[in-house]
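See below for the structure under consideration.
As the structure lists them, so they are numbered: ligands from 1, and atoms in each ligand from 1.
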Amino acid sequence: MSAKLAIHGGEKAIGTRLPSYLESAGRTFGGEEEALVLEALHSGCLTRNGGKMVPRLEAEFAERLGVKHAAACSSGTASVHLAIAALDPAPGDEIIVPPITDIGSIAPILWQNAVPVFADLDPVTITLDPADVERRITPKTRAIVAVHLAGQPCALDELSAIARRHNLVLIEDCSQAYWAEYKGKLVGTIGDMACFSLQQSKHITCGEGGLFVTNNDEWARRATLFADKAWPRDTKTLGSCRFLFLAQNYRMSELEGAVALAQLRKLPAPVVKRRALAARLDAAIKDLASVSAPAVPSNTKHSYWLYMLRVHHDAARATARQFGDALVAEGVPAWVEYIIDPLYLSPVFTGPNTYAASGYPFSAYGSQKFEHGLCPVAERVLHEVIAILWNENYTEAQVDQIATAIHKVAAHFAGN
Ligand SMILES: *Cc1c(COP(=O)(O)O)cnc(C)c1O
């Protein structure tokens with residue numbers, strides 16, 4: 001007879017709250033951040049044009065990653081916008097995206113009047129399926145946004161080959177994948193451009209912020225200008241300045257830059273710890289038939305922004321939703337099914353909800369119908385996963401408690 005589930009009024013498997021990214025127990029802030037923030041404050045200049053922290057952050061980030069250029073900006077979404085703006089698509093150009101990601105991977109495409117085209121996912125890694133990407137290419141396709149979901153690198157060799165074959169730009173969205181590796185290389189160094197988020201929940205953070213990287217001089221210049229109103233500060237005085245193209249103010253402040261710089265210097269420790277803790281949970285649940293650990297291809301190293309627990313409905317005798325709700329009640333911090341629907345079923349796409357009733361840009365250029373069945377694999381796998389929030393500050397004992405909770409819920413549904 002299995003123990004009474006917490007969701008049915010039983011005792012919770014995890015009695016104390018685990019560290020959360022929303023509080024200091026679940027973050028890595030310390031004296032290093034404090035010193036740099038005070039240095040910025042005492043300098044009297046809190047904007048990057050005149051300050052030192054953001055330029056230092058850009059230089060060190062590029063150096064640590066081994067790329068030529070980095071441009072800081074105000075969010076991960078903004079960093080994707082820098083990439084799209086650097087690419088400079090014409091209205092109606094198409095950019096291939098995955099349907100399971102943060103909306104920040106996609107919204108910037110629409111702001112540049114291009115259209116996202118959704119491609120389906122590999123059911124094992126939950127990242128873009130290269131074969132399906134290739135099927136969705138048209139004469140209007142300009143780029144692919146490859147999202148390393150949860151910290152699992154995409155099939156980058158295959159995607160790079162497709163991009164080369166069709167003359168497309170490969171943009172890596174590494175917001176969830178700091179220091180993840182593909183064939184021994186850091187993600188963000190393989191595509192033509194890459195984007196990172198420094199938002200509160202990510203491996204390193206300054207609350208809100210983003211970083212764009214590339215080896216291409218032209219794109220770097222255009223991205224840097226795009227974050228600063230296309231104001232060419234390197235060549236003009238204010239009095240003689242002419243604004244070069246339509247752009248944003250996405251500047252990162254010096255206070256954010258100071259925190260981000262201290263956080264960057266702490267890598268890769270948070271990633272290394274997350275990996276070790278994930279390996280511990282993998283081992284603790286490997287004998288269960290009802291669930292499995294994230295399957296990580298042997299040529300990649302996952303960075304575990306999330307631990308994507310897979311629920312096998314038949315063996316579990318429960319859906320991921322039922323299993324996940326029970327786990328959350330036991331005290332496991334998780335987003336059941338990660339996001340509610342593939343993004344193409346969100347009102348932003350099924351609208352019209354923007355630019356009045358025009359339906360723009362889809363009404364003018366859209367080729368896909370945003371409805372159930374567009375990406376069947378994504379629709380299936382989304383309902384097979386529980387995204388357990390992962391954190392470098394979990395103790396081994398806490399990971400063991402998560403394992404205990406999973407065993408308890410599995411035993412309940414199996415009727416043992
Ligand atoms: C977090 C995230 C973003 C957006 O980052 P913000 O800083 O929240 O704007 C974009 N893409 C992915 C994959 C993300 O996880």
Looking at [X], which atoms of ligand 1 are within less than 4.0 Å of one of its heavy atoms?
| X | answer |
| --- | --- |
| Asp173 | 10 (C), 11 (N), 12 (C), 13 (C) |
| Thr101 | 13 (C) |
| Val147 | 13 (C) |
| Ser75 | 7 (O), 9 (O) |

Is the shortest side-chain N to carboxylate O distance from [X] to [Y] below 4.0 Å?
| X | Y | answer |
| --- | --- | --- |
| Arg56 | Glu39 | yes |
| Glu33 | Arg27 | no |
| Asp325 | Arg321 | yes |

Test of proximity, Thr77 against ligand 1: N or O pairs below 3.5 Å: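 Min N/O separation from ligand 1 is below 3.5 Å for Thr77.
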So, [X] versus [Y]: side-chain donor-acceptor pair below 3.5 Å or not?
| X | Y | answer |
| --- | --- | --- |
| His383 | Thr319 | no |
| Thr28 | Gln263 | yes |
| Asp173 | Ser175 | yes |

Heavy-atom gap Ser105 to ligand 1 smaller than 4.0 Å: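 Ser105 counts as a contact of ligand 1 under the 4.0 Å cut-off.
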For atom 6 (P) of ligand 1, closest protein heavy-atom neighbour: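 Protein heavy atom at minimum distance: Gly76 N, 3.4 Å.
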Closest to atom 2 (C) of ligand 1 (judged by heavy-atom distance), picking from Gln199, Glu208, Lys202, Gln176: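 Heavy atom nearest to atom 2 (C) of ligand 1 belongs to Lys202.
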